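These notes concern the structure reproduced below.
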Amino acid sequence: MPGKPADELKSFYEAGLKQNGIVGSSLAVIDHNKVVFRDMVGFQNLETKQPIDENTTFHWASVSKTFTGIAIMQLRDRGLLSLDDPIVKYVPEIAKAHDPYGPISAITIREAMSHSTGFRDATWPWRDQPWQPFEPTEWSQLVAMMPYSSVDFAPGAKFSYSNLAVVFLGEIIERLSGDPYEVYMEKNVLRPLGMDRSYYDRSPTHLLKYRAHSYQLEKGKLSELEFNFDTGITRSNGGLNAPIPDMIKYLNFLTGDPARQAEYDAILKRSSLQEMWKPLLPVPVTEDFPSRAGAHDSVASSFFVHQDRAIQLIGHMGWQNGFIAHIYFDPAQRKSYVVNYNTEALDPAQNTRKLNEQLRDWLIDHFFSTS
């Protein structure tokens, strides 16, 4: 994206950040594994005026789910599970949940990956005091609440986002591999991809200085949030921290590179990735899944598909504790982009999610579109 298009994107992006009160953000646009646009704006720490740069580590929230899905597919390809296996086969504790639609054994791994199990969205919906844990820290806490949990619709009948179901996938990864979730991901995904500055939950001491602080802007008031937090048992659905250069390595893996395909196939073969991107169920247009007229979203397996005219983008969003993140890629064109904002602006006039939607549509019109 050289020349005028890059200048126009820079103006659009930076004006949007300023208008919406974003403290810091970073954007990279990639075409055939080459970064064609890169912009780093604002501060990773407003108090010290430390600028966003290539070393800045962002929190990726639910973008983490795509990594969990890849781990599940690795285990599938090694013959350790089937996507149509019942979750209860590997996580028998969920049998204590109330399922008015039939046996718990009918709920499959594939349905957990496509958010169609019928389990609730929130992992821990009972938090009503600030002194209570940000997220449950141990699996035993969820097991204790399982008899008070229910399946809210017939599994497979529709899409309904479920963080809880992705925790079950994390448990499967641990139990079949024998490794803690973070160790498995480092050994089998992050390090093989060269994502050497990526990690889960609280920062290692030597990397803490690169960690982006996070903020919330509401009713014109900017507040700093806890940025170096522990996602507890929910790490499989939202625990990843990484700098943008590491996420570019991830996107290059997803879009593919003929020169590196043998290396990438050793992590997960291309056909298994493509299997993950097949649309399975429609996703209604909501605040969390906005689409302009004529566009729509579908859920796939640990990814979402955004269809806008002839353009089909695969991706995933994430928001948690002030961070707003998104990856999108078009494997057919081998184009992609990644963005993270360290400020969640919540007001109608200043709104990070609205800006993120506008950025996606601008890139569809000016980068992904071939017409």
Side-chain angles (χ1 to χ4, degrees), residues 1-22 24-42 52 54 56 58 60 63 66 244-245 247-257 277 279 283 285 287-298 300 303-319 323-343 345 349-371:
M1 185 184 287
K4 185 179 179 182
D7 292 341
E8 291 176 353
L9 175 55
K10 183 178 178 68
S11 296
F12 173 84
Y13 172 60
E14 293 186 2
L17 296 176
K18 182 177 181 180
Q19 175 190 333
N20 288 279
I22 309 301
S25 179
S26 192
L27 168 66
V29 180
I30 305 102
D31 189 350
H32 285 75
N33 310 111
K34 294 183 179 180
V35 177
V36 295
F37 178 86
R38 187 77 176 90
D39 203 5
M40 297 163 281
V41 183
I52 298 286
E54 291 283 350
T56 301
F58 291 97
W60 292 93
V63 176
T66 66
I244 292 286
M247 295 302 290
I248 292 171
K249 293 175 182 178
Y250 182 50
L251 281 170
N252 286 341
F253 163 67
L254 295 173
T255 55
D257 182 352
W277 305 332
V283 175
V285 176
E287 180 185 4
D288 289 345
F289 292 92
S291 291
R292 61 185 174 183
H296 63 273
D297 288 284
S298 303
F303 287 89
F304 291 89
V305 180
H306 183 73
Q307 189 78 41
D308 191 332
R309 294 162 293 175
I311 302 299
Q312 186 179 80
L313 299 183
I314 317 299
H316 209 292
M317 70 297 174
W319 40 79
F323 292 98
I324 304 285
H326 223 129
I327 59 169
Y328 267 126
F329 58 97
D330 179 349
Q333 296 190 75
R334 290 179 58 201
K335 293 182 176 182
S336 62
Y337 79 92
V338 54
V339 66
N340 202 313
Y341 317 83
N342 71 351
T343 310
Q350 292 183 298
N351 191 282
T352 313
R353 297 192 195 189
K354 184 65 177 178
L355 171 61
N356 190 48
E357 176 190 358
Q358 293 167 345
L359 176 65
R360 177 199 64 196
D361 293 345
W362 194 100
L363 286 165
I364 287 174
D365 293 339
H366 301 282
F367 175 64
F368 291 103
S369 179
T370 57
S371 58

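Predicted model only: the values in this text are computed from it and were never measured. Side-chain atoms are counted along with the backbone in the values below, which use heavy atoms only and exclude waters and symmetry mates.
Remark: the backbone N or O of Q19 is paired with a side-chain donor or acceptor of Q350 at under 3.5 angstrom. D330 places no side-chain N or O within donor-acceptor distance of the main-chain N or O of L313, the cut-off being under 3.5 Å. A distance-only check finds a donor-acceptor pair linking the side chain of Q333 to the backbone of F368 [under 3.5 Å]. Put simply, the side chain of N20 gets close to the backbone of G16: a donor and an acceptor are under 3.5 Å apart. Here the side chain of R38 pairs a donor or acceptor atom with the backbone of L27 at under 3.5 angstrom. Counting only distance, with no hydrogens or angles, the side chain of S336 and the backbone of L251 share no donor-acceptor pair below 3.5 Å. Not one N or O on the side chain of W319 forms a donor-acceptor pair closer than 3.5 Å with the backbone of M317. A donor-acceptor pair is defined here as one N or O able to donate and one able to accept, closer than 3.5 Å; no such pair exists between the side chain of T56 and the backbone of I52.
Checked options V29, I244, V63; the residue passing with V338 is I244 (criterion: side-chain contact (heavy atoms from CB on, under 4.5 Å)).
Heavy atoms from other residues, nucleotides or ligands lying under 6.0 Å from NZ of K354 number 12 at most.
Note on D39 versus K10: salt bridge recorded, some NZ/NE/NH1/NH2 to OD/OE distance being below 4.0 Å. With respect to R292 and D308, a salt bridge is recorded, a charged nitrogen being found less than 4.0 Å from a carboxylate O. Taking a cutoff of 4.0 Å between a charged side-chain nitrogen and a carboxylate oxygen, R309 and D365 qualify as a salt bridge.
Considering all non-hydrogen atoms of both residues, P5 and W362 come closest at O-CH2, 3.8 Å. Considering every non-hydrogen atom in both P245 and E54, the closest pair reads CG-OE1, 3.0 Å. Scanning both residues, S369 and I311, for their nearest heavy atoms gives CA-CD1, 3.8 Å. For the pair P290 and D297, the tightest heavy-atom approach, listed with the atom from each and the gap, is O-OD2, 4.0 Å.
Separating the CG atom in L9 from the CG atom in L363 is a distance of 5.5 Å, to the nearest 0.5 Å. Atom-to-atom distance recorded for I327:CD1 and I248:CD1 is 12.5 Å, nearest 0.5 angstrom. Taking CG of L359 as the reference point, atom OG of S25 lies at 8.0 Å (rounded to 0.5 Å). One finds the NE2 atom of H306 at 10.5 Å from the OG atom of S298 (value rounded to the nearest 0.5 Å). Atoms OG1 and CG, on T343 and L355 in that order, are 11.0 Å from each other to the nearest 0.5 Å.
The aromatic rings of F303 and W277 lie perpendicular to each other, with more than 60° between the two planes, well past the 30° mark. By the 30° and 60° cut-offs, the orientation of the rings of Y341 relative to Y13 is tilted.
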Inset, instruction - Evaluate the side chain to side chain contact (heavy atoms under 4.5 Å, CB included) criterion for residues K335 and T255: first the C-alpha distance (whole Å), next the side-chain angles of each, then the deciding distance (0.1 Å), finally the verdict. - result: CA-CA 7 Å; K335 293 182 176 182; T255 55; over 6 Å; no
Inset, instruction - Go through the steps for N340 and S26 under the test side chain to side chain contact (heavy atoms under 4.5 Å, CB included), then give the verdict. - result: CA-CA 6 Å; N340 202 313; S26 192; 5.7 Å; no
Inset, instruction - Give the C-alpha distance, both sets of side-chain angles, the deciding distance and a yes or no for side chain to side chain contact (heavy atoms under 4.5 Å, CB included) between R334 and F329. - result: CA-CA 7 Å; R334 290 179 58 201; F329 58 97; over 6 Å; no
Inset, instruction - Could you walk me through whether H366 and F12 pass side chain to side chain contact (heavy atoms under 4.5 Å, CB included), step by step? - result: CA-CA 12 Å; H366 301 282; F12 173 84; over 6 Å; no
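Between V36 and I30, every side-chain heavy-atom pair lies at or beyond the 4.5 Å cut-off.
Looking at N33 and N252, their side chains do bring a donor and an acceptor atom within 3.5 Å of each other.
Residues Y328 and H326 bring their aromatic ring centres within 6.0 Å. Taking the six-membered ring where the residue is Trp, the centroids of F37 and F367 are separated by 6.0 Å or more.
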